[in-house]
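Okay, structure first, notes after.
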Amino acid sequence: MYIVMITPECAPVAKVGGLGDVVQGLSHELAIRGNAVEIILPKYDCMRYDLIFGLHKIYSDLRVPYHDQLFHCDVYLGFVDGLKCFFIEPHSFKNFFNRGIFYGHHDDPERFAFFCRAALEFMLRANKHPEIIHCHDWQTGLVPVLLFDMYKYLGMTHPRVCYTLHNLKHQGVVGEHTLRQVGLNPADYFTQDRLQDNFNHGAINFMKGGIVYSNFVTTVSPRYAWEIKNSDLGFGLQHTLHVHSIKFGGVLNGIDYNVWNPEIDPYISCRYSIDTIDDKYKNKEALRNRLWLRHDFIKPIVSVIGRLDHQKGVDLIRHGIFYSLANGCQFVLLGSSPEPATNNAFLGLKHYLNDNPDCHLEISYNEELAHLIYAGADMILIPSAFEPCGLTQMIAMKYGTVPIVRNTGGLADTVFDADCAPKPYHERNGYVFNDFDNEGLESALKRAIGLWYIYPKYFRELMINGMRYDYSWNHPAEHYLNIYNYIKE
Ligand code: ADP
C-alpha cells in the first residue's frame with residue numbers, strides 16, 4: 001500500500017513528545033511490512049539536521065496559494081531512520097518555520113493551516129496519489145477538509161484519510177479568517193456539523209474538521225478513546241465523537257524496539273536482557289556517576305522523564321520527589337516545559353535540592369540521558385492528570401523499570417497493579433492509583449518502595465513481567481493496516 005503521513009513531528013529529527021515517536025515507529029513498521037511510506041513535514045530551522053541523511057532540494061518552484069498571494073516554497077527530500085521524508089520550506093515574510101522552536105507562537109494555527117495546504121499542493125504537483133493519507137493531531141486537521149472540498153476536484157480523487165488524535169487538549173481553535181487564508185470559504189464551514197467550535201461559536205476548530213472529514217479517526221489507546229467520548233477529557237469534542245462514533249476507535253501505540261531496547265541500546269553503559277538482568281545495576285551505577293548521586297547500594301532510584309506540563313501532574317511529581325527522598329529513595333528527574341513559569345519553578349526546586357546527594361533534577365531535553373535513566377532507575381513515576389497513551393511507561397517496562405502510574409488513558413491499558421489488577425500474577429507489571437492527589441500517589445509509591453525493600457525477589461518478578469510484555473509496533477501496525485484496508489474499499 002502507498003501511505004503518506006502528513007505530520008508536524010517525526011522522531012528523532014522533529015520531536016516534541018510522543019507524537020514524533022509514533023509517526024516514526026508506525027512508519028517504520030509499515031515499511032518493514034512492504035508498504036511504501038512517505039512522510040511530509042515542515043522544514044523547521046530547529047530540527048536535528050545531523051540525523052537527516054542525504055538532504056537535498058528536489059522541488060524549487062512550489063507555489064502555494066495563501067490569502068491573496070502565492071507563497072514560494074522549496075521542498076527537500078531526506079532520509080530519517082531510513083524513512084523517506086519531504087520537508088516543505090516556505091519563503092515568505094511570515095517566516096513560518098524559522099522560529100527556533102516547533103510550537104508556541106501566537107500564529108501556530110496559521111502556520112499549520114498553511115502547512116496543510118502546502119502539503120496537498122506538493123502532492124498534487126508531484127503527482128502523488130497515495131491510497132492512504134494519515135494525518136496527525138490538530139496541526140493537520142485541515143488536510144481532509146482541503147482534500148475532499150478542494151483537491152479532490154483538482155484530481156486527487158484517490159486518497160482516503162485516517163486521522164489520529166494524540167491529545168485533545170490542543171485542538172487549533174481560531175478565527176474563521178484562517179479558512180479564508182487557505183482558500184476555503186468560511187460561510188461553508190461555519191456550522192455545528194462542520195468546523196464551528198462546539199463552545200466558542202465565533203471560532204473554527206481544526207481538530208473537529210479533521211474528525212468530521214476523515215474516513216476514519218483513531219486515538220492512541222482504547223481507554224482514552226472512551227474517555228474523550230464520554231468525559232470532559234474530550235475538551236468539548238465529546239458530542240462530535242459521538243456523532244462520528246461509527247468511524248472512531250482507539251489503537252494502542254507501540255514503541256520502536258530498535259530504539260528502545262536494553263539489548264542493543266548504544267546510549268547505556270551495559271546492555272542487558274531478561275536473562276542478564278543483573279547487568280541493569282551497572283547502569284544504575286553509571287547513572288549515579290553521571291548525575292553525581294551518592295553510591296548507596298540499599299536505595300532504589302525513582303525517576304521521572306517527561307514534559308513538565310499540568311497534564312503530567314507537576315504538583316504530584318513535586319510531592320513524589322519529597323516523598324521518595326523521605327522514604328529511603330534516590331530521585332532523578334529529566335524534564336522541561338515550554339512554559340517559563342513551570343521551568344523556573346523546577347529550576348528553583350533544583351536549586352533548593354542542590355546539596356542533596358540523593359537527588360538530581362535535570363531541567364532540559366536530553367534524548368541520550370533519557371536512555372540511561374530508563375536503564376538505570378528502579379521505578380518511574382507517571383502521575384498524569386490524563387494520558388492519551390503515554391510511551392514512557394512502555395519504554396520503562398522494556399528496561400525492567402517498574403512504572404507507578406495514575407489510572408487514566410493508555411496508562412490504564414498498559415500497567416496492571418501488582419496487588420489488585422484483575423490479572424494473574426505473572427501479568428502484573430507495576431503500580432496504579434486512582435485519585436489525582438498526594439494521598440493517591442502515596443498509596444502506590446509506598447507499596448512500590450515497600451516491595452523493593454522487603455520483598456526484592458517479588459520486585460524482580462515485577463520487573464521481568466514488564467520486560468516480557470510486547471508493546472512493539474507489531475500489533476498496532478496490524479490494526480492500522482486493517483483500518484487502511486477498510487477505508488480503501
Ligand atoms: P507526551 O507525548 O505527552 O509528551 P509520551 O509519554 O507519549 O508523552 O512521550 C514522551 C516521549 O518523550 C518519550 O519518548 C520520552 O522519553 C520523551 N521525553 C519527554 N521528555 C523528555 C526529556 N526532557 N528528555 C528526553 N526525552 C524526553
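It should be emphasised that the depicted structure is a prediction, and the values quoted were computed from it without experimental measurement. Just follow the structure's listing: the first ligand is 1, and inside any ligand the first atom is 1.
- No side-chain donor-acceptor contact under 3.5 Å links Asn407 to the backbone of Phe433.
- No heavy atom of His166 sits closer than 4.0 Å to any atom of ligand 1.
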Residues Asp279, Lys282; criterion salt bridge (charged side-chain N to carboxylate O under 4.0 Å, His left out); working and verdict: CA-CA 5 Å; Asp279 285 343; Lys282 295 187 182 150; 3.2 Å; yes
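- Nearest protein neighbour of atom 6 (O) of ligand 1, counting heavy atoms only, is Leu391 N, 2.9 Å.
- Ligand 1 does not have Gln393 within reach: every non-hydrogen atom of the residue lies 4.0 Å or more from it.
- In this structure, Arg447 pairs ionically with Asp419, as a charged nitrogen and a carboxylate oxygen lie closer than 4.0 Å.
- Scanning all protein heavy atoms for the shortest distance to atom 17 (C) of ligand 1 gives Lys15 NZ, 3.8 Å.
- Geometric assessment of Lys398 against the ring of Tyr257 yields a positive cation-pi assignment under the 6.0 Å and 45° thresholds.
- Remark: aromatic rings of Phe386 and Phe235 are close, center separation under 6.0 Å.
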Steps toward side-chain hydrogen bond (donor to acceptor under 3.5 Å, both in side chains) verdict (Asn465, His426): CA-CA 6 Å; Asn465 291 350; His426 68 274; over 6 Å; no
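- For the pair Trp260 and ligand 1, the shortest N or O to N or O distance does not fall below 3.5 Å.
- Near Gly17, meaning under 4.0 Å from one of its heavy atoms, ligand 1 places the atoms 2 (O), 4 (O).
- Nearest non-hydrogen protein atom to atom 27 (C) of ligand 1 is Tyr365 CE1, 3.5 Å.
- The one candidate from Ile40, Ile39, Ile52 that meets the side-chain contact (heavy atoms from CB on, under 4.5 Å) condition with Phe87 is Ile52.
- Between Lys15 and Asp21, at least one side-chain N (NZ, or NE/NH1/NH2) sits under 4.0 Å from a carboxylate O, which counts as a salt bridge.
- The protein heavy-atom contact nearest to atom 8 (O) of ligand 1 is Lys312 NZ, 3.0 Å.
- A side chain to side chain donor-acceptor pair (under 3.5 Å) with Tyr103 holds for exactly one of Glu9, Arg111, His170; it is Glu9.
- When heavy-atom distances to ligand 1 are checked against a 4.0 Å cut-off, Ile395 comes that close only through its side chain, counted from C-beta outward.
- Nearest to atom 19 (C) of ligand 1 among the protein's heavy atoms is Gly306 CA, 3.6 Å.
- Within the structure, the closest approach of Gly335 to ligand 1 falls below 4.0 Å when heavy atoms are considered.
- At a heavy-atom distance under 4.0 Å, only side-chain atoms of Asp21, from C-beta outward, approach ligand 1.
- Counting heavy atoms closer than 4.0 Å to ligand 1, residue Thr392 contributes atoms from both its backbone and its side chain.
- Of the protein's heavy atoms, Asn366 N, 3.0 Å lies nearest to atom 24 (N) of ligand 1.
- Open room surrounds OH on Tyr486; 12 or fewer heavy atoms of other groups in view lie less than 6.0 Å from it.
- Interface of Arg307 with ligand 1, defined as ligand atoms under 4.0 Å from a residue heavy atom, comprises 1 (P), 3 (O), 4 (O), 20 (N).
- For ligand 1, the atoms sitting less than 4.0 Å from at least one non-hydrogen atom of Tyr374 are 15 (C), 16 (O), numbered in the order shown with element in parentheses.
- Shown here is Tyr281, whose OH atom has more than 12 heavy atoms of other residues, nucleotides or ligands within 6.0 Å.
- Considering only non-hydrogen protein atoms, atom 2 (O) of ligand 1 sits nearest to Gly18 N, 2.5 Å.
- Between Ser364 and ligand 1 there is a heavy-atom distance shorter than 4.0 Å.
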